Structure formats: structure tokens, C-alpha cells
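Keep in mind the model is a prediction, meaning the values are calculated, not measured.
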Amino acid sequence: MSPSSSPRMHRSLLAGAVLLLAPLGCVTSTQEGAARDEAALRTDAPPRVKPKWGLVIHGGAGVISRENLSPEREAAMRAVLTQALQAGHAVLAKGGKSLDAVTAAIHVLEDSPYFNAGKGAVFNHDGVNELDAAVMDGKTRAAGAVAGVRHIQNPIDLARLVMEKSPHVMMVGDGAEAFAQSQGMPLVDAKYFYTEERWQGLQRALEQEKAKAAPPATPGQPPSTPDQQQPATPGTPAAPPATPGTPAASHPVPGQPPVTPGTQAVPPVTPGKQAAPPATPGTPAVTPGTPAAPPATPGKQAAPPAAPGTPAAPPATPGTQAAPPAKPGTQAAAPLTPGVDPITGDHKFGTVGAVALDQDGNLAAGTSTGGMTNKRFGRVGDAPIIGAGTYADERCAVSATGHGEFFIRYTVARDICARVEYQDLPLPEAANFVIHDVLVKAGGEGGVIAMDRQGHVAMPFNSSGMYRGYIGEDGTPTVAIFQQP
Ligand code: ASP
């Protein structure tokens, strides 16, 4: 069945586009303003009628509910999103390049502790912040990306330097940081990235991981064998030993000299000492609002999308995850414990991203992230991978957020733009099909922001919320978080 003939696609057509009718004035200062924004960015709003230049941003997708977001926190996050939109708009309004607007907006989000990028980056399993970012110029298809950097305050700037000042597209780790220094970009002490909230998030994830990996205390069960890998003890990540709330060796202690490249404060990870991924027999049913993604277990693939001839999955209900079709002999894409994502622990992704269309009709995209809480040392997500979490060409630009392993396997950003290019699909239709059909069937949670060269906007997500915003020519920032106003 072609995407456009599927009943779901008709729904998605409506669901993907946004109508941007917010009147002039501050949209985040009052409850009324926030409600109006939510209404304006509803994913089932009708398509825009007057495509123009503009900027779209995201601050991550995930299980975000009004119950777990305090009014103060929500207001603060909306304020930062608004500031990011205004920073990008300032560039575009004076005829600046979409690339500059994208980096200006991402800069603001990276500098905020509320989003999982730059300052607010999450911790990996070893209690270290490893950051990824990418930027792409749709006009030239020039691209730059960095992965696994630990001392770069604004990774999006380094991605741009890689794009503009090196012959390469992607640089990683120490090499990327050495390149930064060669370009006059200062390195920051790793403790810059420490936030108590993210540290506690890691401790929760480690606790959950341990609880799931612990053998059930059932009489008669055989004891664990010595080769069985054990998870890290909660509160004591493999490296460094950490007391909750106290940054350990990876976070240079005040008074100590800053970490320099090549002299990481983090002890090397000993092969074979990694905590075992949780492995619980059985595949519990997917609970609404629960990420359907399995843990990134080496050697085990997520269930592929339905093969031709297999019955289509039920339509994706906003805010719920459709269970992927279980095929004999394949591991179902389901979390091991309903309600808890074994990797993120806190049910939320928080990558930031921006896409923009400038007055010359050129598109650009950028994404920056701390990755996923409790990710293993050296893990790289989709954000810095061109075509997976970030992509722009002359007709389409995409930045993604979600469970990166799925976005990589399904080359989500490029898939959306390829559908626009090869199938001549309207952007919202292409974006919605990939997020609500392809990814949902695969069990991948997340969303994207996307723009085409006419200025059409799509912001589909298959999680319960996604921090997002739009600003057009009139300079009115419009911010939304939830599915429903
Ligand atoms: N996509 C990111 C990653 O997998 C996570 C996120 O969106 O927050 O690294």
C-alpha cells in the first residue's frame, strides 16, 4: 500500500502541518498565551497557507506530561525556547543565512541547563558527559559533525568549524577537541556540564538497570555463574565512584587543574567491565506513553517494520506507542519493564535542534545533544549522523530527537527528505509517515522538526510531548510542549 493511500496517512496529513496564527505579542508570558501556543502548534492543525521564511526548533521529545512538569519549570523552559526562536529570528530578519539562524538558536538551548545539550547534557554510564552535534547547509550540502566531545561548551559551533574549516564531515573525541583548539576554540572543564538534576537522573537509571538485571530471588533457581556480567552498583557508576550529588573524578574538583585533551579525568573503561544490559525474560506489553524501544543490546536487533503482506499496525494514537508486530524469531521491540525506559531512566529525551529557511530560500538544519542518560562510554546517537538525526538539502531540512539507535537504523532525517524528493510528497505527509508509521512499527520513540523550501513546517512526534517552537516573518514566537493544548 502506498503511503498516501493508507487511511493513517490521511490522518497524518492533517496531523503534520501547523497553522501559525498566533497574534502579535508575547506568547509565553501568560497562561492564556501558553494555551494559544499549544493550540497553534497542535499536530492536527490544518496546513499553513502562506509559506514564508522562518525557524523551527525542538528541545527534545519524550514522556512529558503536565503532571510531571511544574508550572515554574514549564514557564522557564518556554522562556528559553522563546529566546532561542528570537535569536534565530534576529538573524533571518536582517537577511542572514539559515545556517546562522540555526546555530544562533541552538546556542541559546545549549547554554540552558533545562535541555539535554551543552550545559544540560546528560551523563553516560560512567558519569561522564559526552556530547554530539551536527549542522548541515541545505544549499551546498556542506555538513559538519562532532561526537563524543567532553570539553566543548557549544558543540554546535565545533560542528560548524568542522564543516567550514576542515575537509571532513565528522570528527570525534580527542581529535575533535584538538581540532577545536587549533581553531582557537577554548576547551572547558568537564565540570561545566555537571548539573545535579542530570546526575540524579543517572543514579535513577543505574538503580533501574540494576533492579532489572538482578536475578529474581526464586528458590531453586541456579546461582549466577562467574562469567555473568553484573550491572554497576546504584549510585556508583563504573567510573568514577560517585556519591550522589558529588561529581567524581570525571568532574574536576574545584581547585584542581582543568582537564586537558589526552588527560581525561575518566579512568579508561576496561573491556568486559561494562554493566550488562538488562535481560528479563519475556516481552511485556507496551504501555501507553512508554517508549517501545528495547535496550541497546549488542547483537540484538529491534523488530523490523511489518513485512509486506503483514497486517498494518493499528493507527498511532497521539501520546501512545503502538506495539510493534512481533515476528517469530525476532525480538519484539518493547521495553523490559513497562513504564521505565531502561536506557534513559527518566522517560525523556532532550536533544535540541533547529531548522530554518532564510529569505534567499535556503534551508539549514542543526542538532546538539548529550545523548541518552546511561549510554555506554563511546556510544554515539543519531544527532551527529548526517541523514539520521540531522539533514538538509535544497528542498527539505530535518532535525530529530528520540531514541537515536532507531533514527540511525531508519535514516529518519534523510528518509523524510527522500520521500519529499522521490515521491513528491508534501513535507508534512512524509514526516508524519516516517514518525507515525515507520518508526512506530519499529518501536522507535521520538519526533522531528522539518521545513521545506516553501516554508511548510512539520513537527510530528510519537511520544506524549515534544518541546518545540516556530517563529516566522512577523517575529511572533510560538512555543508548545504537549499534544493537546
Ligand atoms: N536522539 C538523541 C540520541 O539518541 C537523544 C535525544 O533525542 O534526546 O542521542
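The closest donor-acceptor contact from the side chain of K375 to the backbone of G370 lies under 3.5 Å. Of the possible donor and acceptor atoms, one in the side chain of D393 sits under 3.5 Å from a partner among the backbone N and O of C396. With E177 contributing its side chain and H151 its backbone, the two residues share a donor-acceptor pair below 3.5 Å. In this structure a side-chain-to-backbone donor-acceptor pair under 3.5 Å is missing from S112 to V108. With hydrogens and angles disregarded, a donor-acceptor distance shorter than 3.5 Å links the side chain of T390 to the backbone of A383. Side-chain atoms of S368 never come within 3.5 Å of backbone atoms of G353 as a donor-acceptor pair (strictly under, hydrogens ignored). Here the side chain of T401 pairs a donor or acceptor atom with the backbone of A61 at under 3.5 angstrom. Of the possible donor and acceptor atoms, one in the side chain of N462 sits under 3.5 Å from a partner among the backbone N and O of G444. Panel note: side chain E130, backbone N124; no donor-acceptor pair is recorded below 3.5 Å. In this structure a side-chain-to-backbone donor-acceptor pair under 3.5 Å is missing from R468 to V56.
Scanning both residues, L55 and G88, for their nearest heavy atoms gives CD2-CA, 3.8 Å. For the residue pair V102 and A365, the shortest heavy atom distance occurs at CG1-C, 3.8 Å. Closest approach of I435 to F407, counting heavy atoms only: CD1-CE2, 4.3 Å. The minimum heavy-atom distance linking S98 with A356 is given by the pair CB-O, 3.5 Å.
Atom CE of M185 is separated from atom CZ of F179 by 9.0 Å, given to the nearest 0.5 angstrom. Interatomic distance, CG of N129 versus NZ of K191, reported as 14.0 Å (0.5 Å rounding). Taking CG of L85 as the start and CD1 of I471 as the end, the distance is 5.5 Å to the nearest 0.5 Å. The NE2 atom of H58 sits 9.0 Å away from atom CG of L109, with the distance rounded to the nearest 0.5 Å. Put simply, CE on M163 and OG1 on T140 are 5.5 Å apart, with the number rounded to the nearest 0.5 Å.
For the side-chain contact (heavy atoms from CB on, under 4.5 Å) with D382, the lone residue among D132, I408, T367 that qualifies is I408.
The aromatic rings of F406 and Y410 sit parallel, their planes meeting at an angle under 30°, below the 60° perpendicular limit. Ring pair Y194/W199 is tilted by interplanar angle, where 30° to 60° counts as tilted.
With hydrogens and angles left out, the side-chain atoms of Q203 and E207 include no donor and acceptor closer than 3.5 Å. Side-chain atoms of Y192 and R150 form no donor-acceptor pair, as typed in the model, at a separation below 3.5 Å.
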